[in-house]
Amino acid sequence: EAGVVQSPRYKIIEKKQPVAFWCNPISGHNTLYWYLQNLGQGPELLIRYENEEAVDDSQLPKDRFSAERLKGVDSTLKIQPAELGDSAVYLCASSPGGGNEQFFGPGTRLTVL
Amino acid sequence: SQQGEEDPQALSIQEGENATMNCSYKTSINNLQWYRQNSGRGLVHLILIRSNEREKHSGRLRVTLDTSKKSSSLLITASRAADTASYFCATDASAGKSTFGDGTTLTVKP
């Protein structure tokens, strides 16, 4: 069984540029999460989807961040424009349902110069 | 701020020794999960313990949960160099919303 796939693995951009991350969850997993992880810290939830519906986006900085999960499968997280403080690892995870174990992708390491 | 807080922040032991790390949280939970993260990788789920359970085992892992003290512990017995990683607890206070602590960094010296 394929795991959670994320791309790109690494991204370096200049500040004020846009950037997008892509996630393909495990087949059949209805719940999809985007997390931000800073060095030495635990993941912080940005947004959680149940199928194609965003059920928790309270921590998503909506002035510059956006996400979508069309057809309830793949998801894209976008930042526009990026700021220096956005440098972090962006993790995607999926789960067969809320309250169950989450399966994480390898993450995208973003560096904003 | 994080719901769960791991203690200690860092732990260094010799191969073969046991490693114990703790997690404290603030609000009532449905379940608590432990994850491992190797350097530069995504998190890997280790074990889930529900609020009505007190202890769970999986291989060399033993997890306890004390809801009265709002705390959990993860014990790794007979540690190996390959156990070197960061360990995070995640509390689920409402279905599907997990809140992670900042982790314990475990170093197992061969």
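Predicted, not measured: the structure shown is a model, and the values here were computed from it. The chains referred to below are lettered A, B, ... by the order of the sequence lines, with proteins before strands, and numbering in each begins at 1. Only this structure's heavy atoms are used, side chains among them; waters, hydrogens and symmetry mates stay out.
- Among the residues in residues 63-80 of chain B, none has a non-hydrogen atom closer than 4.5 angstrom to a non-hydrogen atom of chain A.
- Crowding of B/Gln9 atom CD: a count of heavy atoms from other residues, nucleotides or ligands under 6.0 Å not exceeding 12.
- Rounded to the nearest 0.5 angstrom, B/Tyr35 OH and A/Phe104 CZ are separated by 5.5 Å.
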Self-check item: Step-by-step side chain to side chain contact (heavy atoms under 4.5 Å, CB included) determination, A/Glu101 to B/Gln33
Solution: CA-CA 8 Å; A/Glu101 65 177 288; B/Gln33 302 180 43; 4.0 Å; yes

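- Other residues, nucleotides and ligands place more than 12 heavy atoms under 6.0 Å from the CD atom of B/Gln14.
- Neither the backbone nor the side chain of A/Gln6 comes within less than 4.5 Å of any heavy atom of chain B.
- Within a 6.0 Å radius of NZ in A/Lys62, more than 12 heavy atoms belonging to other residues, nucleotides or ligands are found.
- Each of A/Ala93, A/Gly107, A/Pro106, A/Cys92 has some count of heavy-atom pairs under 4.5 Å with chain B, and the biggest count is that of A/Pro106.
- Taking Ile, Leu, Val, Met, Phe, Trp and Tyr as hydrophobic and joining them when side-chain heavy atoms fall under 4.5 Å apart, one finds A/Leu36 in a cluster with A/Ile13, A/Val19, A/Phe21, A/Leu32, A/Trp34, A/Leu46, A/Ile47, A/Tyr49, A/Leu60, A/Phe65, A/Leu77, A/Ile79, A/Leu84, A/Tyr90, A/Leu110, A/Val112.
- Checked by atom type and distance alone, the side chain of A/Tyr33 never pairs as donor or acceptor with a backbone atom of B/Ser98 at under 3.5 Å.
- Of the atoms belonging to A/Ser58, it is side-chain heavy atoms, and not backbone ones, that fall under 4.5 Å from chain B.
- Scanning all heavy atoms of the two residues, the minimum distance from B/Phe88 to A/Gln37 falls at CZ-NE2, 3.7 Å.
- The interface of residues 46-60 of chain B with chain A, defined by heavy-atom distances below 4.5 Å, comprises B/Leu48, B/Arg50.
- Residue-level contacts of residues 37-44 of chain B with chain A, in order of numbering, are B/Gln37, B/Gly40, B/Arg41, B/Gly42, B/Leu43; threshold 4.5 Å between heavy atoms.
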